[in-house]
Amino acid sequence: WRQALAVIKNPMLIQVKIIQAFVIAIILGVVYLGQDNDQAGIQNINCALFVLIMNISFINIFGVCNVFCAELPVFLREHFNGMYRTDTYFLTKQLVELPLYIMEPMITLTILYWMVGLNPDVERFFIACVIILLFVQVVLSLGYFLSCLAPNVDIALACAPVLVIPFMLFGGFYLNSG
C-alpha cells in the first residue's frame with residue numbers, strides 16, 4: 001500500500017520516465033535510422049541493440065539501487081517487527097512498480113525497433129518485447145541483489161557498472177562468444 005501511494009503521489013517521476021524513454025529512443029532511432037541488410041548495416045544493428053540493452057540496464061539498475069537502498073532500513077525494521085514477510089514485500093513491490101518498469105523499455109524498444117528497420121514481422125517484434133521484458137526483470141533482480149549486499153547507496157551505485165559491464169562484454173555483441 002505504501003509503495004502504491006508513493007508511486008501515485010509522484011506523477012512527475014512517471015512523466016519524466018516517459019519523456020526520457022521517448023527522447024532516448026528518438027535520438028538513437030535517428031542515429032541508426034533505416035539500416036540495410038549489408039555488412040555495415042548489420043554492424044550498426046548490433047550496435048543499436050547493444051546501446052538499447054545498455055540503456056535499459058543502467059537506467060533500471062541505478063533506479064533500483066537508489067530506491068531500494070533508501071527503503072531497506074524501513075523494510076528491515078518493519079520485517080523484524082513482524083509486519084510482513086520478505087516474499088510478501090518483494091512481490092507486492094514488484095507488482096506495484098511493474099507498470100513503470102514495463103512502460104519505459106517498451107516505449108524505447110517500439111520506437112527504436114521500427115526506426116532502425118529490424119525484422120518487420122509483427123511476431124518478431126513481440127518476441128523482442130518478451131525478451132526485453134525478461135531482460136528488465138534480470139536487471140531489476142541484479143539491482144535488488146546489489147542493494148542488499150551494499151551497505152549504502154553510494155557503494156551500490158559504484159558496484160553496479162562492475163556487475164553489469166562484464167555481462168555486456170561477454171554477451172556476444174562485441175566479443176564473439178566462441
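Reckoned from all heavy atoms, side chains included, excluding hydrogens, waters and symmetry mates.
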Check: Can you name the residues that form a salt bridge (charged side-chain N to carboxylate O under 4.0 Å, His left out) with K17, not counting sequence neighbours?
Finding: E104
Next item on the list: Apply the test side chain to side chain contact (heavy atoms under 4.5 Å, CB included) to residues F167 and S57: give CA-CA distance (whole Å), side-chain angles for both, the deciding distance (0.1 Å), then the verdict.
Entry: CA-CA 10 Å; F167 288 125; S57 297; over 6 Å; no
Check: Which atom names give the shortest non-hydrogen contact between S147 and V64, and what distance separates them?
Finding: OG-O, 3.9 Å
Check: Please walk me through it: do L98 and Q137 pass side chain to side chain contact (heavy atoms under 4.5 Å, CB included)?
Finding: CA-CA 9 Å; L98 194 60; Q137 286 301 311; 3.4 Å; yes
Notebook entry, point to check: Hey, are the side chains of I56 and V136 touching, using non-hydrogen atoms and a 4.5 Å cut-off?
Noted result: yes
Margin query: Holding to side-chain hydrogen bond (donor to acceptor under 3.5 Å, both in side chains), I want the full list of residues that pass it with Y84, two or more places apart in sequence or in another chain.
Written below: R2, E78
For residues 33-42, which side-chain donor-acceptor pairs fall under 3.5 Å, sequence neighbours excluded?
unit_1	atom_1	unit_2	atom_2	d
Q35	OE1	N44	ND2	2.9
Q35	NE2	Y32	O	3.2
D38	OD1	G41	N	2.9

Item checked: Shortest non-hydrogen contact from A48 toward L112 -> O-CD2, 4.1 Å
Next item on the list: Could you tell me whether the side chain of L146 reaches within less than 4.5 Å of the side chain of C65, counting heavy atoms only?
Entry: yes
Sequence neighbours left out, cut at 3.5 Å: what donor-acceptor pairs do the side chains of residues 20-31 make with other protein atoms?
none

Item checked: Residues in side-chain contact (heavy atoms from CB on, under 4.5 Å) contact with D154, at least two apart in sequence or another chain -> N152
Margin query: Testing the basics here: between C69 and P73, what is the closest heavy-atom pair and its distance to 0.1 Å?
Written below: O-CD, 3.5 Å
Margin query: Please tell me whether F145 and I165 are part of a single hydrophobic cluster in this structure, the criterion being side-chain heavy atoms less than 4.5 Å apart.
Written below: no
Margin query: Starting from V96, can I reach I18 by hopping between I/L/V/M/F/W/Y residues whose side chains sit under 4.5 Å apart?
Written below: yes
Next item on the list: Anything under 30° is parallel, anything over 60° is perpendicular, the rest tilted; go ahead and classify F62 against F58.
Entry: tilted
Margin query: Quick check on the hydrophobic clustering: are F80 and F75 connected, directly or via other members, by side-chain heavy-atom contacts under 4.5 Å?
Written below: yes
Check: Who are the side-chain hydrogen bond (donor to acceptor under 3.5 Å, both in side chains) partners of E71, not counting sequence neighbours?
Finding: Y89, K93
Note to self: Please determine whether residues L140 and L95 belong to a single hydrophobic cluster, defined as Ile, Leu, Val, Met, Phe, Trp and Tyr linked transitively by side-chain heavy-atom distances below 4.5 Å.
What the structure shows: no
Next item on the list: Would you check if L118 and L49 make a side-chain contact, meaning some heavy-atom pair closer than 4.5 Å?
Entry: yes
Notebook entry, point to check: Do the non-hydrogen side-chain atoms of L52 and Y113 ever get within less than 4.5 Å of each other?
Noted result: no
Margin query: Within this structure, what is the CD1-SG distance for the pair I102 and C129, rounded to the nearest 0.5 Å?
Written below: 11.0 Å
Note to self: Quick check for you: to the nearest 0.5 Å, what is the distance between I19 atom CD1 and I14 atom CD1?
What the structure shows: 12.0 Å
Item checked: Partner residues of R85 under the salt bridge (charged side-chain N to carboxylate O under 4.0 Å, His left out) criterion, sequence neighbours left out -> D87
Check: According to the salt bridge (charged side-chain N to carboxylate O under 4.0 Å, His left out) rule, which pairs have a member within residues 113-140, sequence neighbours left out?
Finding: none
Notebook entry, point to check: Could you give all pairs that pass the salt bridge (charged side-chain N to carboxylate O under 4.0 Å, His left out) test and reach residues 126-139, with sequence neighbours left out?
Noted result: none
Item checked: Residue pairs passing the salt bridge (charged side-chain N to carboxylate O under 4.0 Å, His left out) test where at least one lies in residues 46-70, sequence neighbours excluded -> none
Notebook entry, point to check: Given the rule in the side chain to side chain contact (heavy atoms under 4.5 Å, CB included) test, do N119 and F125 qualify, once you have shown the distances and angles that lead to the verdict?
Noted result: CA-CA 7 Å; N119 194 328; F125 170 71; over 6 Å; no
Margin query: Could you see if L133 belongs to whatever hydrophobic cluster contains L91? Use Ile, Leu, Val, Met, Phe, Trp, Tyr and a side-chain cutoff under 4.5 Å.
Written below: yes
Margin query: For L72 versus C148, what's the shortest heavy-atom pair and its separation?
Written below: CD2-CA, 4.4 Å
Notebook entry, point to check: Would you call V164 and M54 a side-chain contact if the rule is heavy atoms closer than 4.5 Å?
Noted result: no
Item checked: Gap between atom CD1 of I53 and atom CD1 of I131 - 0.5 Å precision -> 9.0 Å
Check: Got a sec, which residues hit ring-ring contact (aromatic ring centres under 6.0 Å, His included) with F68, two or more places apart in sequence or on another chain?
Finding: Y144
Next item on the list: Would you give the length of the straight line joining atom CG of L149 to atom CG of L163, rounded to the nearest 0.5 angstrom?
Entry: 9.5 Å
Item checked: Counterpart residues, side-chain hydrogen bond (donor to acceptor under 3.5 Å, both in side chains), relative to N55 (two or more places apart) -> none
